[in-house]
Amino acid sequence: MAENLRLQLEINGQPQTLLIDPRVTLLDALREHLALTGTKKGCDLGQCGACTVLVNGKRVLSCLTLAAQVANQSVTTIEGMARPDGSLHPVQARFLEHDAFQCGYCTPGQIMSAAACIAEGHAGSAQEIREYMSGNLCRCGAYSNIVEAIQQAAADLSREAT
Ligand code: FES
Ligand code: FES
């Protein structure tokens, strides 16, 4: 039995301390230890993208990241996406408007990945969005609506920035 590690990290802007087995993934730390169940486990093998979160603003697969690797770093999950006044982030709002989900299980990962895709500058065209969102699988086949939602959210965010 490995000795537990004490980790400090920032989750959705709040400092958190975890006392966990060093083998615990970031995904399981969020879900099982912090009760943040918005981040989903579709495969636990890095193949589906349902577990996508942001670490220091960059998208990562939390099933392939040990919690210990993100000590002292800043993690954003779907629960941290709404604005401080409670309004939805533009990516969330446009997903709703464009019906960019059905069962909703891939959706938190899609939304986190989409926010990063826009921030990376990879939302220039539908083709580019399809390519840079191809790490997030959707069995419900919402892909065309996801692309539309991302195009609209990218436009919203660039308007906000000017
Ligand atoms: S659960 Fe992480 S990629 Fe599938
Ligand atoms: S909305 Fe069901 S898997 Fe994407």
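The first residue of the sequence shown is numbered 1, and numbering continues consecutively from there. Both counts, for ligands and for their atoms, begin at 1 and track the order of listing.
Under 2.8 Å from atom 2 (Fe) of ligand 2, one finds the following protein N/O/S atoms: C103 SG, C140 SG.
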- Item | side chain to side chain donor-acceptor pair (under 3.5 Å) between E79 and T77, intermediate numbers included | CA-CA 5 Å; E79 291 90 346; T77 70; 2.7 Å; yes
- Message: side chain to side chain donor-acceptor pair (under 3.5 Å), that's the test. Do R59 and S113 meet it? Break it down for me.
- Response: CA-CA 6 Å; R59 48 183 164 171; S113 201; 2.7 Å; yes
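Taking every heavy atom of C43 and a limit of under 4.0 angstrom, the matching atoms of ligand 1 come to 1 (S), 3 (S), 4 (Fe). Residue-ligand proximity, D44 to ligand 1, at heavy-atom distances under 4.0 Å covers atoms 1 (S), 4 (Fe). Near G46, meaning under 4.0 Å from one of its heavy atoms, ligand 1 places the atoms 3 (S). Below 4.0 Å from some heavy atom of C48 lie the following atoms of ligand 1, by number and element: 1 (S), 3 (S), 4 (Fe). Every atom of ligand 1 is numbered from 1 in the order shown, and the set under 4.0 Å from a heavy atom of Q47 is 3 (S). Those atoms of ligand 1 with a heavy atom of G42 less than 4.0 angstrom away are 1 (S).
In plain terms, the two heavy atoms of A123 and I129 that are nearest each other are CA-CG1, 3.5 Å. N145 approaches D99 most closely through the heavy-atom pair ND2-O, 3.0 Å.
D156 is linked by a salt bridge (Lys or Arg N to Asp or Glu O under 4.0 Å) to R94, R159, counting only residues two or more places apart in sequence or in another chain.
At least one donor-acceptor pair closer than 3.5 Å links the side chain of R31 to the backbone N or O of T37. A donor-acceptor distance shorter than 3.5 angstrom exists from the side chain of Q73 to the backbone of Q69, with no hydrogens or angles considered.
Electrostatic pairing of R83 and D85 does not count as a salt bridge here, judged by no charged N lying under 4.0 Å from a carboxylate O.
With atom 2 (Fe) of ligand 1 as the vertex, SG of C51 and SG of C63 span 100° to the nearest 10°.
Looking at heavy atoms from C-beta onward, D28 lies out of side-chain contact with I20 at the 4.5 angstrom threshold.
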